[in-house]
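Encoded as structure tokens, the structure appears first; notes follow it.
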Amino acid sequence: MNRISLLICSLFVFSFSINAQVKESGCIIEQTTPGANDMIWENDSLKFSFVPTSYFWTVRIENKTSDKIICDWDKVLFIYDKTTSGIVFDDTIELKKNDPKGTSTIAPNTILRKDIFPIESWGEYGLSPVFLRQLIKKWGEDKISIIIPIQFGQDTQEYEFTFRVYIPEKKRK
């Protein structure tokens, strides 16, 4: 009986010590900071979750407080390939890509969902992927960060999330 209990406890601890990973375009994306499970990070006030792809990244922000909070999308930074960029949404048309994005008020105990993309990856010929498997294969890995400012009353706090994009060793050959 003790061996079974020990085995169950070991499996439980092991399953929570693994970083959450998403497979996309032949690459692995894992959230490295702040520590998160399943691309989710939360504290007493907020819960952030991410669904990354090589183009748009779904960001969900849950307001766990009893007050309204505000996200200023014009101050969100999407950092990739050593490039700092503002963002656009999945429904942005090219003609309006440089227009202000505005703010979103998130009511108490509700969730806001947005699909974002770095504006700097919107080139002359359309959208370019945030990361390319060929370049990850050549250079080893990439780091992507998203900084999201959230306003609580008169105070604003920035939340920074960092992701590692890489190809597993066995697939690099």
Side-chain angles (χ1 to χ4, degrees), residues 7 9-43 45-62 71-94 97-98 101 104 111-150 156-173:
L7 178 62
C9 287
S10 297
L11 288 173
F12 181 76
V13 169
F14 178 73
S15 67
F16 284 101
S17 65
I18 297 174
N19 281 349
Q21 298 178 340
V22 172
K23 294 179 183 177
E24 172 66 28
S25 302
C27 296
I28 300 290
I29 306 166
E30 67 182 12
Q31 185 174 347
T32 55
T33 60
N37 289 318
D38 300 326
M39 299 284 184
I40 297 170
W41 178 88
E42 65 182 307
N43 62 18
S45 304
L46 297 169
K47 181 176 181 180
F48 291 89
S49 60
F50 301 89
V51 178
T53 70
S54 56
Y55 286 92
F56 288 94
W57 288 48
T58 300
V59 177
R60 286 176 35 130
I61 305 169
E62 180 178 344
C71 179
D72 187 343
W73 294 105
D74 291 309
K75 294 181 181 174
V76 170
L77 296 177
F78 199 118
I79 304 161
Y80 68 103
D81 195 26
K82 298 182 181 175
T83 302
T84 297
S85 177
I87 56 107
V88 293
F89 302 118
D90 61 335
D91 61 352
T92 303
I93 61 171
E94 185 174 12
K97 71 181 183 182
N98 293 314
K101 310 307 174 267
S104 291
I111 297 170
L112 173 73
R113 179 186 176 273
K114 291 284 189 178
D115 293 325
I116 65 171
F117 180 78
I119 195 169
E120 297 299 323
S121 283
W122 198 334
E124 184 178 338
Y125 301 106
L127 302 178
S128 298
V130 175
F131 61 89
L132 289 169
R133 184 181 192 286
Q134 299 89 328
L135 296 179
I136 301 294
K137 187 174 182 179
K138 181 177 180 180
W139 292 321
E141 69 179 58
D142 202 358
K143 177 182 162 185
I144 295 172
S145 297
I146 300 173
I147 301 172
I148 303 172
I150 300 292
T156 299
Q157 184 167 346
E158 291 185 343
Y159 294 87
E160 183 171 357
F161 303 93
T162 306
F163 304 86
R164 176 179 170 228
V165 183
Y166 64 97
I167 298 171
E169 283 299 320
K170 62 183 178 183
K171 289 190 174 185
R172 293 189 68 143
K173 298 176 180 173

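We're numbering straight along the sequence, starting at 1.
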Between W122 (side chain) and P118 (backbone), is there a donor-acceptor pair under 3.5 Å? no
Contact check, side chains of F163 and S145, non-hydrogen atoms, under 4.5 Å: no
Which heavy-atom pair separates S54 from F131 by the least distance, and what is that distance? CA-CE2, 3.6 Å
Going by heavy atoms in the side chains, are D142 and L135 under 4.5 Å from each other? no
Please round to the nearest 0.5 Å and tell me the distance separating atom CD of E120 and atom OG of S128. 11.5 Å
Considering residues, nucleotides and ligands other than R164, do more than 12 of their heavy atoms fall under 6.0 Å from its CZ? yes
Does any non-hydrogen side-chain atom of I150 lie less than 4.5 Å from one of C71? yes
Does M39 reach the side chain of V51, with side-chain heavy atoms less than 4.5 Å apart? no
What distance separates S104 OG from R113 CZ, expressed to the nearest 0.5 Å? 13.0 Å
With F89, which of F117, F56, W73 fulfils ring-ring contact (aromatic ring centres under 6.0 Å, His included)? W73
Any side-chain heavy atom of Y159 within less than 4.5 Å of one from I147? no
Shortest non-hydrogen contact from D74 toward K101: OD1-N, 2.6 Å
Which atom of S121 lies closest to which atom of Y80, heavy atoms considered: OG-OH, 2.8 Å
Roughly how far apart are I144 CD1 and T32 OG1, rounded to 0.5 Å? 10.5 Å
Spacing of CD1 belonging to I167 relative to NZ belonging to K138, to within rounding of 0.5 Å: 13.0 Å
Distance, nearest 0.5 Å, that separates CG of D91 from CG of D115: 9.0 Å
Could you give the distance from CZ (F50) to CD1 (I40), rounded to the nearest 0.5 Å? 10.5 Å
Donor-acceptor pair, distance only, cut-off 3.5 Å: does the side chain of S85 make one with the backbone of F78? no
Could you check if a side-chain atom of T33 sits within less than 4.5 angstrom of a side-chain atom of E160, using non-hydrogen atoms only? no
For K97 versus V88, what's the shortest heavy-atom pair and its separation? O-CG1, 3.6 Å
Can you confirm whether V130 sits close enough to W57 that some side-chain heavy atom of one is under 4.5 Å from a side-chain heavy atom of the other? yes
Can you name the nearest heavy-atom pair linking P149 to K75, along with the distance? CG-CB, 3.7 Å
